[in-house]
Amino acid sequence: MRQLTLSEANVERLFGIKDENLRYLEERLGVTVSARGTSVSVSGDERGEQIAARLLSSFDQLLSSGGLVGKDEYRTGVRVLEEDLDIDLVEFFLDAGIPETLKRLVVPRNLNQRLFIQAVCKHDYVFAVGPAGTGKTYLAVAMAAAELLDKRVRRIVLARPAVEAGERLGFLPGDMIEKVNPYLRPVYDALYDILGYEKVTKLIERQAIEIAPLAFMRGRTLNDAFIILDEAQNTTHEQMKMFLTRMGFHSKTVITGDITQIDLPAGQVSGLVEAVEILQGTPDLSFISFTHRDVVRHRLVQEVVDRYERWEARKGRNGRRS
């Protein structure tokens, strides 16, 4: 059993309405949490006790430091401590290395998300590779929005290979943006969620947010831009090499993809898979690898991804959609 004493001023916010936060810890960690005034005891298996006690103590400090603590922070805190029990949760939630503008837009939900944000702050090229639901695209868009709002870049450039249409968009109805919109929908959804529909619409009209189908980026040099290539696993060798050489001065490039979801024709190697192999060890270029443990959608999504990965490993699947 572990016992701790919390600050009287923070107890109500720490416990939540009708002690809902304590009940969450009990259910999530398989422990029993008993509270009397500011005194709390935690009993259960050793690991569960450690995590619950460390989280409550850290969140007590976080509240005293002006931070916020709610349901989302409890869920994130448990995930982070399960990955690394020695992490400083107060620093994690108040990390000065994350731009203030970004903090108002999004908060990292696990260690790899935090590493990704820090990598984008420090490096001009960042590769984020991992399964769906890990926040790769969402965080990339949030970083781009923060850079634009802080006027560190003049525009956001969004690219995504329209492989389902064979990159032959001419036969589709509408202008260029209307043709490629269906393939950029996840990026739009993230933009609308982060900045709001009206602001995104105005930024697109001003061309501060540019829709750039990957096939139409040849020959361009992108200065003062935050460039995102989403679904990069569906690029060819030539497309990836072309994209990586588009960046000009005062720009950042983020490449996201899931190498277990490749839609290229059979026998064609993914440009993302090749790029990771070719560019590993390159100075000032960062690679962040997400796993099913980093999935931040509904809890069942993580379970679904985990089970698919295990099934595909048994069947010897090569990561190509059937």
Side-chain angles (χ1 to χ4, degrees), residues 83-84 95 97-99 102 108 110-132 134-148 152-161 163 187 210 212-264 268-291 293-294 318-319:
E83 294 175 31
D84 183 356
D95 186 4
I98 299 175
L102 182 63
N110 52 53
L111 287 178
N112 272 335
Q113 286 196 353
R114 181 187 180 197
L115 290 173
F116 175 56
I117 290 172
Q118 292 175 331
V120 176
C121 290
K122 295 175 183 176
H123 301 285
D124 290 338
Y125 277 109
V126 178
F127 285 79
V129 181
T134 51
K136 305 180 302 297
T137 300
Y138 194 91
L139 286 175
V141 171
M143 292 293 292
E147 293 275 313
L148 184 65
R152 288 191 291 270
V153 298
R154 290 191 296 108
R155 56 180 167 164
I156 299 172
V157 179
L158 308 170
R160 203 177 196 224
V163 71
V187 181
E210 179 184 351
L214 182 58
F216 297 171
M217 290 187 68
R218 296 185 185 278
R220 301 185 63 188
T221 300
L222 301 171
N223 296 313
D224 300 303
F226 195 112
I227 312 153
I228 300 172
L229 174 60
D230 193 35
E231 294 287 321
Q233 75 275 5
N234 289 326
T235 59
T236 64
H237 171 90
E238 293 78 12
Q239 288 171 335
M240 179 60 77
K241 183 179 179 182
M242 177 272 292
F243 175 80
L244 291 174
T245 56
R246 297 308 93 199
M247 189 167 74
F249 295 107
H250 311 298
S251 292
K252 284 183 179 288
T253 295
V254 175
I255 300 99
T256 67
D258 177 3
I259 59 175
T260 70
Q261 298 289 316
I262 298 173
D263 286 315
L264 293 169
Q268 193 162 31
V269 179
S270 165
L272 176 60
V273 173
E274 284 188 334
V276 171
E277 180 181 348
I278 293 168
L279 299 174
Q280 280 287 355
T282 304
D284 299 322
L285 190 152
S286 181
F287 294 87
I288 304 295
S289 297
F290 292 93
T291 71
R293 289 184 173 274
D294 299 312
N318 62 1

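The 12-atom threshold is not exceeded at CD of Glu277, counting heavy atoms of other residues, nucleotides or ligands nearer than 6.0 Å.
In this structure, the side chains of Leu214 and Met242 come closer than 4.5 Å at one or more pairs of heavy atoms. Residues Val187 and Ile228 fail the side-chain proximity criterion, which asks for heavy atoms closer than 4.5 Å.
Considering every non-hydrogen atom in both Ser251 and Ile227, the closest pair reads CB-CD1, 4.4 Å. Across all their heavy atoms, Arg220 and Glu210 have their closest contact at NH1-OE2, 2.7 Å. Residues Gly257 and Leu272 share a closest heavy-atom pair of CA-CD2, 3.7 Å. Minimum heavy-atom separation, Thr253 to Met247: OG1-SD, 3.1 Å. Listed here is the closest heavy atom pair of Gly130 and Asp258: O-CB, 3.2 Å. Cys121 approaches Met143 most closely through the heavy-atom pair SG-CE, 3.7 Å.
How far CG of Asn110 is from OG1 of Thr134: 8.5 Å, rounded to the nearest 0.5 Å. Atoms OG1 and CD, on Thr235 and Glu274 in that order, are 8.5 Å from each other to the nearest 0.5 Å. Separating the CG atom in Asp294 from the CD atom in Glu83 is a distance of 5.5 Å, to the nearest 0.5 Å. Expressed to the nearest 0.5 Å, how far CZ of Arg152 lies from CD of Glu147 amounts to 4.0 Å. Residue Asn234 holds its CG atom at 4.5 Å from CG of Asp263, rounded to the nearest 0.5 Å. To the nearest 0.5 Å, the span separating NE2 on His237 from CD1 on Ile278 amounts to 6.0 Å.
Formation of a donor-acceptor pair under 3.5 Å by the Asp230 side chain with backbone atoms of Arg160 is not found in this model. With Ser270 contributing its side chain and Gln233 its backbone, the two residues share a donor-acceptor pair below 3.5 Å. Side-chain atoms of Lys136 do not come within 3.5 Å of backbone N or O of Val129 as any donor-acceptor pair.
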| task | Check the pair Asp124 / Asp284 against side-chain contact (heavy atoms from CB on, under 4.5 Å), numbers first and verdict last. | result | CA-CA 7 Å; Asp124 290 338; Asp284 299 322; over 6 Å; no
| task | Go through Ile255 and Met240 one step at a time and tell me if the side-chain contact (heavy atoms from CB on, under 4.5 Å) criterion holds. | result | CA-CA 10 Å; Ile255 300 99; Met240 179 60 77; 4.1 Å; yes
| request: Go through Met217 and Leu222 one step at a time and tell me if the side-chain contact (heavy atoms from CB on, under 4.5 Å) criterion holds. | output: CA-CA 10 Å; Met217 290 187 68; Leu222 301 171; 3.4 Å; yes
| request: Apply the test side-chain contact (heavy atoms from CB on, under 4.5 Å) to residues Phe226 and Val120: give CA-CA distance (whole Å), side-chain angles for both, the deciding distance (0.1 Å), then the verdict. | output: CA-CA 10 Å; Phe226 195 112; Val120 176; 3.8 Å; yes
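Ring orientation note: the planes of Phe127 and Phe287 are close to parallel, at an angle under 30° on the 30°/60° scale.
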